[in-house]
Amino acid sequence: MTAVFLRELSSYFISPVGYVYLAAFYLLAGYQFTVTLLGGSADLTSEFTFLYTVVLLLTPILTMRLMSEDRKQKTDQILFSAPVTLTGIVAGKYFAAVAVYLMGVAVTLLHAAVLTPFADVSWAIVIGNVVGLALLGMAAIALCMFISAQTENQIIAAIGGFASILVVLSLNSIASVVSFAPLKQLLTSISFYSRYYDLTIGMINAADLFFFFSFAAIFFFLTTRVLEKRRWSGK
């Protein structure tokens with residue numbers, strides 16, 4: 001797994017993908033941070049709220065080549081014959097994407113640290129939001145990685161990732177207009193925003209953590225099954 005992780009992590013910075021992703025993340029986070037300061041506020045809640053959407057929409061860029069590139073270049077067959085399990089292959093690729101993602105999220109801690117000498121920063125809220133962003137990203141990366149495993153075309157992988165993320169984003173809005181109570185409750189319970197919101201106000205509870213970890217684990221498992229099917233089919 002370590003070799004796959006290092007290979008994938010380095011590939012993000014050999015190609016422009018890692019630089020483009022981080023530049024976009026830093027630029028957008030910096031923009032919202034600047035808007036907050038110019039508004040005379042030291043409350044970073046608006047930045048984290050803004051990043052909720054940014055994170056989900058940028059994730060397909062980070063993951064579009066994660067599985068599809070190996071399939072296109074036929075290097076997946078080399079990986080299948082390497083002395084590493086399918087779980088190790090998926091884990092190496094997944095955690096490489098997560099590592100780059102966390103490099104982006106880390107800028108929010110820098111923003112909070114810059115404000116600390118000049119304002120009363122609620123670090124409980126900041127940490128809650130950072131944990132929320134981390135879990136949100138891990139779940140979104142797992143989903144988009146599964147989409148990437150379905151095709152060898154990076155553009156299709158990116159579009160599929162965007163579409164999947166938009167569905168996840170819209171669950172909360174759909175739930176608000178549904179009148180059938182059981183369906184409304186179901187949609188709310190699986191809504192990313194509903195789970196994320198508690199973390200943004202500093203409420204870290206086991207149910208929300210379990211939700212994001214379970215979501216990531218399900219799509220991690222499904223991705224290994226896709227690779228297993230491809231290995232035995234030779235396609």
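What you see is a predicted model; the values in this text were computed from it and never measured. Residue numbers run from 1 in the order of the sequence given.
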Any idea which heavy atoms bring [X] and [Y] closest together, and the distance?
X	Y	value
Ser164	Ile147	OG-CD1, 3.5 Å
Thr224	Thr87	CG2-CA, 4.2 Å
Ile174	Val178	O-CG2, 3.1 Å
Ala140	Phe192	N-CE2, 4.5 Å
Pro60	Ala158	CB-O, 3.6 Å
Val55	Gly137	CG1-CA, 4.3 Å

Looking at [atom1] of [X] and [atom2] of [Y], how far apart are the two atoms once the value is rounded to the nearest 0.5 Å?
X	Y	atom1	atom2	value
Phe211	Leu135	CZ	CG	11.0 Å
Met67	Ile89	CE	CD1	8.0 Å
Leu171	Leu186	CG	CG	9.0 Å
Thr2	Leu9	OG1	CG	12.0 Å
Asn129	Leu136	CG	CG	11.0 Å
Leu57	Leu28	CG	CG	10.0 Å

According to ring pair (Phe, Tyr, Trp, His ring centres under 6.0 Å), does anything in [range] pair up with another residue at least two apart or in another chain? List the pairs.
range	answer
residues 44-68	Tyr52-Tyr193, Tyr52-Tyr196
residues 105-139	Phe33-His111
residues 148-169	none

query: Among Thr85, Leu227, Leu222, which residue meets the side chain to side chain contact (heavy atoms under 4.5 Å, CB included) test with Val90?
result: Leu227
State, with a plain yes or no, whether a side-chain heavy atom of [X] is found less than 4.5 Å away from one of [Y].
X	Y	answer
Leu44	Thr108	no
Val54	Leu51	yes
Met145	Phe219	no
Tyr94	Met138	yes
Leu115	Leu37	yes

field: From CA spacing to verdict: side chain to side chain contact (heavy atoms under 4.5 Å, CB included), Tyr101, Leu133
entry: CA-CA 10 Å; Tyr101 170 76; Leu133 283 177; 3.9 Å; yes
task: Considering only NZ, NE, NH1 and NH2 on the basic side and carboxylate oxygens on the acidic side, decide whether Glu8 and Arg65 come within less than 4.0 Å.
output: yes
I'd like to know if the side chain of [X] and the backbone of [Y] have a donor-acceptor N/O pair within less than 3.5 Å.
X	Y	value
Thr53	Thr49	no
Ser214	Phe210	yes
Ser68	Met64	yes
Lys93	Leu66	yes

message: Assigning hydrophobic clusters by single linkage (Ile, Leu, Val, Met, Phe, Trp, Tyr; side-chain heavy-atom cutoff under 4.5 Å), is Leu143 placed with Ile156?
response: no
task: Verify the cluster assignment for Leu58 and Met103: are they in a single hydrophobic cluster under the rule of side-chain heavy atoms below 4.5 Å apart?
output: yes
Could you pull out every donor-acceptor pair under 3.5 Å between side chains of residues 12-21 and any protein atom, sequence neighbours left out?
{"from": "Tyr12", "atom 1": "OH", "to": "Leu62", "atom 2": "O", "distance (Å)": "2.9"}
{"from": "Ser15", "atom 1": "OG", "to": "Ser11", "atom 2": "O", "distance (Å)": "2.9"}
{"from": "Tyr19", "atom 1": "OH", "to": "Phe13", "atom 2": "O", "distance (Å)": "3.2"}

- prompt: Between Ser148 and Thr63, do the side chains contain an N or O donor and an N or O acceptor separated by less than 3.5 Å?
  reply: no
Non-neighbouring partners of Phe221 that pass ring-ring contact (aromatic ring centres under 6.0 Å, His included), sequence neighbours left out: none
field: Co-members of the apolar cluster containing Val167 [side chain, <4.5 Å]
entry: none
